[in-house]
Amino acid sequence: MNDQELAKVKSVVRNIPDFPVPGIQFKDLTTAFKDPEALEIMAKALIDIYGDKGVTKVVGVEARGFIGGAILANRLGAGFVPLRKPGKLPAEVIQKSYAKEYGTDTLEIHKDAITPDDVVVIHDDLLATGGTMLAAYELVKSMNPKKVYVNFICDLADLHGREVFPPEVEVTSLFTF
Ligand code: AMP
């Protein structure tokens, strides 16, 4: 990974104070996705990490994880699998509920989307507390693939989201705020 190039990507991420609620500094990655140079740098950086790991499926977390996830899957020659909010996937699903700051949330995946032969990367745009990705990890892990990696475009260091994952999980992020 080229740190100078990734610094350029970081510099075009837009910060929106107090969105969606007061006190949150929202990292808006749409300004990085719309920049062709930044998009190419992100794609190359992801390939640098996962290009030699035998990945067969990339799982993207709804909705912002679909963008980088689909790009990574295609560049790896792997398949793409969406992890969605309840009621969106049309075929048989398995689901996982998890606690959020207020109430609970649920993620669903098609039951036949991952097989024991798969090597999986789960991708989302941003790691905050880690609650969403931990649920995604446990859901995918329950389908018994050979290996599950976890990846983000960026993470918020102050929230220590990496600490929620078991130590054996390889968690990567292209840059940190
Ligand atoms: P968490 O479960 O706390 O790690 O939250 C992760 C999810 O919420 C990701 O899908 C992010 O896209 C989104 N998210 C949480 N906090 C932020 C933030 N400050 N800026 C942008 N996205 C965020």
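Atoms within a ligand are numbered from 1 in the order they appear, just like the ligands themselves. The first residue in the sequence is number 1, and the count goes up from there.
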For atom 7 (C) of ligand 1, what is the nearest protein heavy atom, given as residue, atom name and distance? T132 OG1, 4.1 Å
Minimum heavy-atom distance between A135 and L107, given as atom pair plus value: CB-CD1, 4.4 Å
Residue, atom and distance of the protein heavy atom nearest atom 4 (O) of ligand 1 read G130 N, 2.7 Å
Report, in ascending order of atom number, the atoms of ligand 1 lying under 4.0 Å from any heavy atom of L156. 19 (N)
Among all protein heavy atoms, pick out the one at the shortest distance from atom 17 (C) of ligand 1; state its residue, atom name and that distance to 0.1 Å. L126 CD2, 3.5 Å
Is A128 close to ligand 1, meaning an N/O of one under 3.5 Å from an N/O of the other? yes
Between Y50 and T172, does the side chain to side chain donor-acceptor pair (under 3.5 Å) criterion hold? Intermediate values first, please. CA-CA 10 Å; Y50 294 107; T172 61; 2.6 Å; yes
Could you state whether I47 and V58 fall into the same hydrophobic cluster, counting links through intermediate Ile, Leu, Val, Met, Phe, Trp or Tyr residues with side-chain heavy atoms under 4.5 angstrom apart? yes
Close side-chain approach of L83 to E62, heavy-atom, < 4.5 Å: no
Looking only at protein heavy atoms, identify the closest one to atom 11 (C) of ligand 1 and say how far it is in Å. D125 OD1, 3.6 Å
Write out the residue and atom name of the closest protein heavy atom to atom 10 (O) of ligand 1, then the distance separating them to 0.1 Å. D124 OD2, 2.9 Å
What residue and atom, counting heavy atoms only, is the protein's closest point to atom 3 (O) of ligand 1, and at what distance? T129 OG1, 2.5 Å
Are K10 and F177 in a cation-pi contact, defined as NZ or CZ under 6.0 Å from the six-membered ring centre and within 45° of the axis? yes
Looking at ligand 1, would Q25 count as a contact under a 4.0 Å heavy-atom criterion? yes
Could you tell me whether atom 19 (N) of ligand 1 has at least one protein heavy atom nearer than 4.0 Å? yes
In terms of residue, atom name and distance, what is the protein heavy atom nearest to atom 13 (C) of ligand 1? R64 NH2, 3.5 Å
Quiz item: cation-pi between K147 and Y149, 6.0 Å / 45°: yes
Closest non-hydrogen atom pair, I109 against A113: CG1-CB, 4.1 Å
Tell me, with the steps shown, if K8 and D35 meet salt bridge (Lys or Arg N to Asp or Glu O under 4.0 Å). CA-CA 11 Å; K8 139 95 201 186; D35 179 324; 3.3 Å; yes
Could an N or O of ligand 1 be found under 3.5 Å from any N or O of F26, whether backbone or side chain? no
